[in-house]
K.L.:
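One structure, pasted below without further comment.
Just the heavy atoms: all of them, side chains too, but no hydrogens, waters or symmetry mates, feed the values below. Everything numeric in this text was worked out from a predicted model, so none of it was measured. Positions are given from 1, in the same order as the sequence printed here.
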Amino acid sequence: MNIRLLHSNENYPLELLLLADPSRQLVEEYLKRGQCYVAEIDHQMVGVYVLLPTRPETMEIVNIAVAEVMHGKGIGRQLVTHAIETARTQGYKTLEIGTGNSSIGQLALYQKCGFRIVGIDLDFFVRHNYSEEIYENGIQCRDMIRMSQDL
């Protein structure tokens, strides 16, 4: 698998990005300011993440997704690890990530990769006017669980 920065002349893998964030408007907004990395196997995009500088010395993974047919193959962990190394190499001191309260698998993965819970943004997914309520694992996704790690 190869993970690389998406070139400015390439189309964003919107279908993959929308797996992690169903708001096209929010995705398009942070793509304008962030760095989009793609994971490829045999020239096929199977994963994506977006890094966004948020404050001095702080970067956030604002989107990370793996094609559903590729779940369970360790690609998500490789993307998170790549994002951590990329932020560190670029001189950032802190890397943040947020996920929904209902995203049980993601919460486990991020903690295994060294992130710690630092806060909860109550009703984040309700306030941001998603077109439909989001449910995962039989739980309504309402709150953003904020996580962070020192680099």
Side-chain angles (χ1 to χ4, degrees), residues 1-6 12-23 26-27 29-31 33-128 130 132-151:
M1 183 174 70
N2 180 45
I3 302 174
R4 65 175 179 84
L5 182 64
L6 194 69
Y12 293 108
L14 198 56
E15 307 79 32
L16 280 175
L17 292 160
L18 291 172
L19 290 174
D21 187 341
S23 170
L26 287 177
V27 169
E29 182 59 35
Y30 55 67
L31 281 172
R33 302 173 322 203
Q35 305 167 15
C36 185
Y37 291 82
V38 293
E40 296 174 319
I41 297 176
D42 296 327
H43 305 289
Q44 208 53 21
M45 285 187 198
V46 296
V48 62
Y49 74 86
V50 179
L51 283 176
L52 182 69
T54 55
R55 294 184 306 282
E57 298 187 340
T58 302
M59 191 167 252
E60 181 178 354
I61 302 171
V62 292
N63 188 308
I64 185 165
V66 174
E68 291 176 354
V69 297
M70 300 302 287
H71 285 189
K73 299 182 184 305
I75 294 170
R77 179 183 291 273
Q78 290 179 64
L79 288 170
V80 172
T81 301
H82 189 273
I84 292 166
E85 288 306 313
T86 299
R88 183 179 289 129
T89 300
Q90 292 182 17
Y92 289 89
K93 304 293 184 215
T94 304
L95 184 61
E96 300 175 333
I97 193 165
T99 194
N101 61 281
S102 56
S103 301
I104 296 166
Q106 291 88 328
L107 284 165
L109 171 63
Y110 302 152
Q111 289 177 84
K112 289 176 187 176
C113 291
F115 287 90
R116 304 221 23 223
I117 296 171
V118 295
I120 301 172
D121 190 345
L122 295 175
D123 290 325
F124 176 91
F125 295 99
V126 176
R127 288 194 322 269
H128 282 83
Y130 285 88
E132 297 178 13
E133 291 179 342
I134 303 167
Y135 283 86
E136 298 173 290
N137 303 301
I139 304 166
Q140 184 179 0
C141 184
R142 298 182 57 90
D143 307 320
M144 173 78 74
I145 307 299
R146 298 280 180 190
M147 305 178 85
S148 178
Q149 76 169 269
D150 295 332
L151 302 175

K.L.:
To check you understand the geometry: which heavy-atom pair defines the closest contact between Leu79 and Ala65, and what is its length?
P.N.:
CD1-O, 3.8 Å

K.L.:
What is the distance from atom CG of Asp123 to atom CE of Met144, rounded to the nearest 0.5 Å?
P.N.:
12.0 Å

K.L.:
Does any non-hydrogen side-chain atom of Tyr12 lie less than 4.5 Å from one of Val48?
P.N.:
no

K.L.:
Would you call Glu136 and Thr99 a side-chain contact if the rule is heavy atoms closer than 4.5 Å?
P.N.:
no

K.L.:
Heavy-atom distance under 4.5 Å between the side chains of Arg142 and Phe125, does that happen here?
P.N.:
no

K.L.:
Counting distance only, does the side-chain N/O of Asp21 pair as donor-acceptor with the main-chain N or O of Val27 below 3.5 Å?
P.N.:
no

K.L.:
Looking only at heavy atoms, what is the nearest atom pair of Val62 and Tyr30, with distance?
P.N.:
CG2-CD1, 3.5 Å

K.L.:
Verify the neighbour count for atom CG of Asp42: are there more than 12 heavy atoms of other residues, nucleotides or ligands below 6.0 Å?
P.N.:
no

K.L.:
Can you check side chain to side chain contact (heavy atoms under 4.5 Å, CB included) on Leu31 and Leu17, steps first, answer last?
P.N.:
CA-CA 10 Å; Leu31 281 172; Leu17 292 160; 3.8 Å; yes

K.L.:
Looking at every non-hydrogen atom in both residues, tell me the closest pair between Pro53 and Met59 and how far apart they are.
P.N.:
CG-CE, 3.9 Å

K.L.:
Rounded to the nearest 0.5 Å, what's the gap from NE2 on His82 to CD1 on Ile64? Could you check?
P.N.:
11.0 Å

K.L.:
Ignoring hydrogens and angles, tell me if any N or O in the side chain of Thr58 forms a donor-acceptor pair with the backbone of Thr54 under 3.5 Å.
P.N.:
no

K.L.:
Can you name the nearest heavy-atom pair linking Ser148 to Thr94, along with the distance?
P.N.:
OG-CG2, 3.3 Å

K.L.:
Quick check: closest heavy atoms across Pro22 and Ile134, and the distance to 0.1 Å?
P.N.:
CG-CD1, 3.8 Å

K.L.:
Using 0.5 Å steps for rounding, measure from the CG atom of Leu14 to the CG atom of Leu19.
P.N.:
10.0 Å

K.L.:
Could you check whether any side-chain heavy atom of Val38 comes within less than 4.5 Å of a side-chain heavy atom of Arg4, counting everything from C-beta outward?
P.N.:
yes

K.L.:
Using side-chain heavy atoms (C-beta onward) and a distance below 4.5 Å, is Ile139 in contact with Ile104?
P.N.:
yes

K.L.:
Measuring from atom CZ of Arg33 to atom CG of Leu52, what distance do you get when rounded to the nearest 0.5 angstrom?
P.N.:
5.0 Å

K.L.:
Could you report the tightest heavy-atom contact between Ser23 and Leu18, atom names first, then the distance?
P.N.:
C-CD2, 4.2 Å

K.L.:
Within the structure provided, determine whether Leu5 and Cys36 are in side-chain contact (heavy-atom separation under 4.5 Å).
P.N.:
no

K.L.:
So do the side chains of Met70 and Ile41 get within less than 4.5 Å of each other, counting heavy atoms only?
P.N.:
yes

K.L.:
Please determine whether side chain to side chain contact (heavy atoms under 4.5 Å, CB included) holds for the pair Glu60 and Arg146, giving the CA-CA distance in whole Å, both sets of side-chain angles, and the decisive distance to 0.1 Å.
P.N.:
CA-CA 10 Å; Glu60 181 178 354; Arg146 298 280 180 190; 3.2 Å; yes

K.L.:
Nearest 0.5 angstrom please: Glu40 CD to Met1 CE, how far?
P.N.:
10.5 Å

K.L.:
Less than 3.5 Å apart, which donor and acceptor atoms pair up between the side chains of residues 106-120 and the rest of the protein, not counting sequence neighbours?
P.N.:
residue	atom	partner	partner atom	Å
Gln111	NE2	Leu107	O	3.1

K.L.:
Does a side-chain heavy-atom distance below 4.5 Å link Asp121 with Asp143?
P.N.:
no

K.L.:
Between atom OH of Tyr92 and atom CG of Leu151, what is the distance when rounded to the nearest 0.5 Å?
P.N.:
11.0 Å

